[in-house]
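Working notes, structure below.
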Amino acid sequence: MLELADVTAPGSASADPACCAPLSGSTFSEAEAAELAKVFKALADPVRLRLLNLIASAEGDEVCVCELNEAFELTAPTISHHLKVLRQAGLIQGERRGTWVYYRIIPQALARLAGLFALPAAPPA
């Protein structure tokens, strides 16, 4: 299960408005919207969402591609394609060690996504 930090908490390292401006904040530029759309498109696939979940929940904060291949009834090239899409969206990173690649989440990417959905503070009653 993905664990997300409260990026709206005062003093939170992820509460930087430049990295995590909410949707209700300032207007996105065309480039920012295109970048975010690429991330959401990557997350819109059930296989990629499961891969992200498996990587995020892995012990030691990383997982070997060999373990990811075993978790699906898909070919290794298909899993590699999905991992490439997640990498290109900036959600994961991989490190080759010998024959295998080990993947880990990029925490700042998830914090940015969580920050997008922060609701504006309600005015005092």
Side-chain angles (χ1 to χ4, degrees):
M1 181 176 293
L2 292 176
E3 292 183 27
L4 299 175
D6 181 1
V7 297
T8 61
S12 167
S14 300
D16 176 11
C19 85
C20 307
L23 288 171
S24 61
S26 61
T27 305
F28 292 145
S29 70
E30 240 180 88
E32 290 169 321
E35 178 188 338
L36 283 170
K38 185 175 160 182
V39 173
F40 286 121
K41 184 175 180 180
L43 291 173
D45 183 279
V47 172
R48 290 193 284 268
L49 202 50
R50 282 188 59 212
L51 281 167
L52 191 66
N53 176 247
L54 288 169
I55 295 167
S57 63
E59 287 188 32
D61 297 328
E62 67 181 11
V63 64
C64 178
V65 70
C66 59
E67 295 174 53
L68 297 173
N69 287 335
E70 292 172 2
F72 295 87
E73 292 184 17
L74 298 170
T75 65
T78 299
I79 296 297
S80 291
H81 165 74
H82 287 297
L83 290 166
K84 177 182 175 185
V85 172
L86 291 171
R87 273 193 330 269
Q88 289 175 335
L91 296 167
I92 63 172
Q93 58 188 6
E95 178 184 334
R96 179 168 293 282
R97 296 184 201 151
T99 305
W100 302 110
V101 178
Y102 289 78
Y103 289 95
R104 72 186 62 77
I105 292 292
I106 299 175
Q108 300 86 348
L110 292 186
R112 180 172 188 216
L113 287 176
L116 282 172
F117 299 103
L119 295 174

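Numbers here are sequence positions counted from 1.
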Q | Interatomic distance, I92 atom CD1 to L83 atom CG [nearest 0.5 angstrom] | A | 5.0 Å
(Q) Would a single hydrophobic cluster contain both L54 and I106, if residues Ile, Leu, Val, Met, Phe, Trp and Tyr are joined by side-chain heavy-atom contacts under 4.5 Å? (A) no
Q: Taking side chain to side chain contact (heavy atoms under 4.5 Å, CB included) as the test, write out the residues that go with V85, two or more places apart.
A: A42, R48, H81
Q: Tell me, with the steps shown, if F28 and L116 meet side-chain contact (heavy atoms from CB on, under 4.5 Å).
A: CA-CA 11 Å; F28 292 145; L116 282 172; 3.7 Å; yes
(Q) For the residue pair Y103 / R87, report whether a side-chain donor-acceptor contact shorter than 3.5 Å exists. (A) yes
Q | CD/E30: more than 12 non-hydrogen atoms of other groups inside 6.0 Å | A | no
Q: For K38 and Q88, indicate whether the former's side chain and the latter's backbone hold a donor-acceptor pair under 3.5 Å.
A: yes
Please tabulate, one pair per line, all N/O donor-acceptor pairs under 3.5 Å involving side-chain atoms of residues 60-72, not counting sequence neighbours.
| from | atom 1 | to | atom 2 | distance (Å) |
| --- | --- | --- | --- | --- |
| E62 | OE1 | R97 | NH2 | 2.8 |
| E62 | OE1 | R104 | NH2 | 2.8 |
| E62 | OE2 | R97 | NH1 | 2.9 |
| E62 | OE2 | R97 | NH2 | 3.0 |
| N69 | ND2 | V65 | O | 3.4 |

**Q.** Whether R50 side chain and N53 backbone form a donor-acceptor pair below 3.5 Å
**A.** no
Q) Once you round to the nearest 0.5 Å, how far does CD1 of I79 lie from CG of L74? A) 4.5 Å
**Q.** Side-chain heavy-atom pair H82, D45 within 4.5 angstrom cut-off
**A.** yes
**Q.** Nearest atoms (heavy-atom pairs only) where L91 meets A109
**A.** CD2-CB, 4.0 Å
**Q.** Trace of the side-chain contact (heavy atoms from CB on, under 4.5 Å) decision for R112 with L36
**A.** CA-CA 10 Å; R112 180 172 188 216; L36 283 170; 4.1 Å; yes
